[in-house]
Number of protein chains: 2
Amino acid sequence: METPDSFEIWLPLARSHKSILTSVEAALKQAGLPGLDWYDLLWELECAGSDGLRPFELQEKLLLPQYGVSRLVDRLAKAGLLERQTCNGDGRGQVLVITPEGAAMRVRIWTVYSDTMQQAVTPHFSAGEARRLAELLGKLLRPAPADKI
Amino acid sequence: METPDSFEIWLPLARSHKSILTSVEAALKQAGLPGLDWYDLLWELECAGSDGLRPFELQEKLLLPQYGVSRLVDRLAKAGLLERQTCNGDGRGQVLVITPEGAAMRVRIWTVYSDTMQQAVTPHFSAGEARRLAELLGKLLRPAPADKI
DNA sequence: TGCATGTTAATGCAGTTGCATCTATATGAG
DNA sequence: CTCATATAGATGCAACTGCATTAACATGCA
């Protein structure tokens, strides 16, 4: 039995990612809701609570480039979903805090997001398979064991 | 032991996808090569050989919207990597055929793509894990068993 | 044949992204 | 304190994307 090369992982990963993402974004658009980039940002802000987050912290959490965060934040702020507060202690920076409207929007997105996702993923797996897949995908995220690089 | 919900699959899937994709695109840019969208198109054309492919066939294979293919093809054509041939039998359509330059470019991209991918994926898994992960991801692509929808 | 309907592909426009650069503030050495 | 350097965030411009629409051809039916 052969060792699969990395493309036998990457290829289905990329394709299923694209296909699921397309479904979810279509469902959100259908519902007149903003896309997953907004959701992800709102989620992080909501987790951070009233302490808020600095843009550069979002950058790390969301794996976005600096200007990506800058503009995304701009749009969410214009939509009233977050508030920019001046950062005492660092005059260059700012602190981003979710508004009640932002939190409400996150929930609205969530209902559609969650639903579509469930339909796209669940039917393909038994409980055991799902658990194993989640576990294996987790390994892809964590830093690789030092001896294998 | 609990059944994981679909997000325990989607979340690491989305994150690892983004992170791997970013690595590969960065490596390609670094090497002065075009991105993966160009690669994917060239690959399909090369597979199709001298028969070529119709744009709407690419659309299905690449999971791209119609206008996406139209413009991507435009760019590749301008770069001389494919040729548009008139389609005898359907005056609306055209047949896209890869040029020798296109095939050469595909190989150049491949060396970087393949290399970066290998580094991003391989260290995380044993051979058995890799095989299992590839298998499970495959299930996500194929249509779900009818009785589970 | 003549016309209604469907299919293939292109495109104008507005919104978004990537890249490079820029401003403003912070930090540390002398 | 003063200057060099580093960091936080914004922005101009060109390229790209999504959406809606359009043009050109195909197909089927009266």
Side-chain angles (χ1 to χ4, degrees), chain A residues 18-19 21-41 44-45 48 52-79 82-97, chain B residues 18 21-41 44-45 48 52-79 81-97:
Chain A
K18 188 184 273 191
S19 130
L21 190 66
T22 302
S23 305
V24 175
E25 294 287 8
L28 289 172
K29 185 142 301 176
Q30 174 74 17
L33 294 171
L36 288 188
D37 45 351
W38 287 40
Y39 179 85
D40 290 342
L41 199 159
E44 294 296 344
L45 283 191
L53 283 177
R54 301 285 298 271
F56 73 90
E57 295 175 302
L58 279 171
Q59 193 177 327
E60 293 161 12
K61 287 179 192 292
L62 302 178
L63 306 178
L64 286 176
Q66 181 268 317
Y67 53 82
V69 173
S70 178
R71 282 159 169 160
L72 186 53
V73 164
D74 236 34
R75 281 169 241 149
L76 284 259
K78 271 175 195 139
L82 63 80
E83 204 196 2
R84 302 173 194 254
Q85 298 179 350
T86 60
C87 175
N88 32 4
D90 192 339
R92 296 165 300 183
Q94 55 188 276
V95 175
L96 308 172
V97 181
Chain B
K18 187 183 273 191
L21 190 66
T22 302
S23 304
V24 176
E25 294 286 10
L28 288 172
K29 184 142 300 176
Q30 175 74 17
L33 294 170
L36 288 188
D37 44 353
W38 287 41
Y39 180 84
D40 290 342
L41 199 158
E44 295 297 344
L45 283 191
L53 283 176
R54 301 283 300 269
F56 73 88
E57 295 175 302
L58 279 172
Q59 193 178 326
E60 295 160 10
K61 287 177 191 292
L62 301 179
L63 305 178
L64 286 177
Q66 181 268 318
Y67 52 81
V69 173
S70 177
R71 282 161 169 158
L72 186 53
V73 165
D74 236 35
R75 280 169 242 150
L76 284 260
K78 271 174 195 140
L81 304 183
L82 62 81
E83 204 196 1
R84 302 173 196 254
Q85 298 179 349
T86 61
C87 175
N88 32 3
D90 191 337
R92 296 165 299 185
Q94 55 189 273
V95 176
L96 308 172
V97 182

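Labels below follow one simple rule: chain letters A, B, ... track the order of the sequence lines, proteins then strands, and each chain is numbered from 1.
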Practice prompt. Evaluate the criterion side-chain contact (heavy atoms from CB on, under 4.5 Å) for residue pair Thr86(A) and Gln94(A); output intermediate values, then yes/no.
Written response: CA-CA 5 Å; Thr86(A) 60; Gln94(A) 55 188 276; over 6 Å; no
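- Atom CG in Asp74(B) sits roughly 12 Å away from atom P in dG12(C) (whole-Å rounding).
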Stepwise, does the side-chain contact (heavy atoms from CB on, under 4.5 Å) test hold for Leu58(A) with Leu72(A)?
CA-CA 11 Å; Leu58(A) 279 171; Leu72(A) 186 53; over 6 Å; no
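- To the nearest angstrom, C1' of dT17(C) lies 17 Å from CG of Leu63(A).
- When the side-chain nitrogen and oxygen atoms of Arg54(B) are compared with OP1 and OP2 of dA9(C), one or more of them lie within a distance under 4.0 Å.
- Contact between Ala48(B) and Gly52(B) at its shortest, heavy atoms only, is CB-O, 3.6 Å.
- Tyr67(B) has a side-chain polar atom (N or O) that falls below the 4.0 Å cut-off from OP1 or OP2 of dG18(D).
- Nearest-nucleotide assignment on DNA chain D puts the 5′-proximal partner with Ser70(A), out of Ser70(A) and Asp90(B).
- As rounded to whole Å, 12 Å separates atom P of dA10(D) from atom CG of Leu72(A).
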Would Arg84(A) and Asp74(A) satisfy side-chain contact (heavy atoms from CB on, under 4.5 Å), going step by step from the backbone distance to the final call? CA-CA 9 Å; Arg84(A) 302 173 194 254; Asp74(A) 236 34; 2.2 Å; yes
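- Not a single donor-acceptor contact under 3.5 angstrom links the side-chain atoms of Arg71(A) to the base of dG9(D).
- An OP1 or OP2 oxygen of dC19(D) is reached within less than 4.0 angstrom by a side-chain nitrogen or oxygen of Lys29(A).
- Atom C1' of nucleotide dT8(C) and atom CZ of Arg92(B) are separated by 5 Å, given to the nearest angstrom.
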Assess whether side-chain contact (heavy atoms from CB on, under 4.5 Å) is satisfied between Lys18(A) and Leu64(B), documenting all intermediate values. CA-CA 10 Å; Lys18(A) 188 184 273 191; Leu64(B) 286 177; 4.1 Å; yes
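- Between the side chain of Gln94(B) and the base of dA9(C) there is no donor-acceptor pair of N/O atoms closer than 3.5 Å.
- Place Gln66(B) and Arg75(B) on DNA chain D by their nearest nucleotides, and Arg75(B) ends up nearer the 5' end.
- Remark: C1' of dT16(C) and CH2 of Trp38(A) are 12 Å apart, rounded to the nearest angstrom.
- Here the C1' atom of nucleotide dA8(D) and the CG atom of Leu53(A) are 15 Å apart, to the nearest Å.
- Atom CZ in Arg84(B) sits about 10 Å away from atom P in dA9(C), given to the nearest Å.
- Spacing between atom CG of Leu58(A) and atom C1' of dA10(D) amounts to 16 Å, rounded to whole angstrom units.
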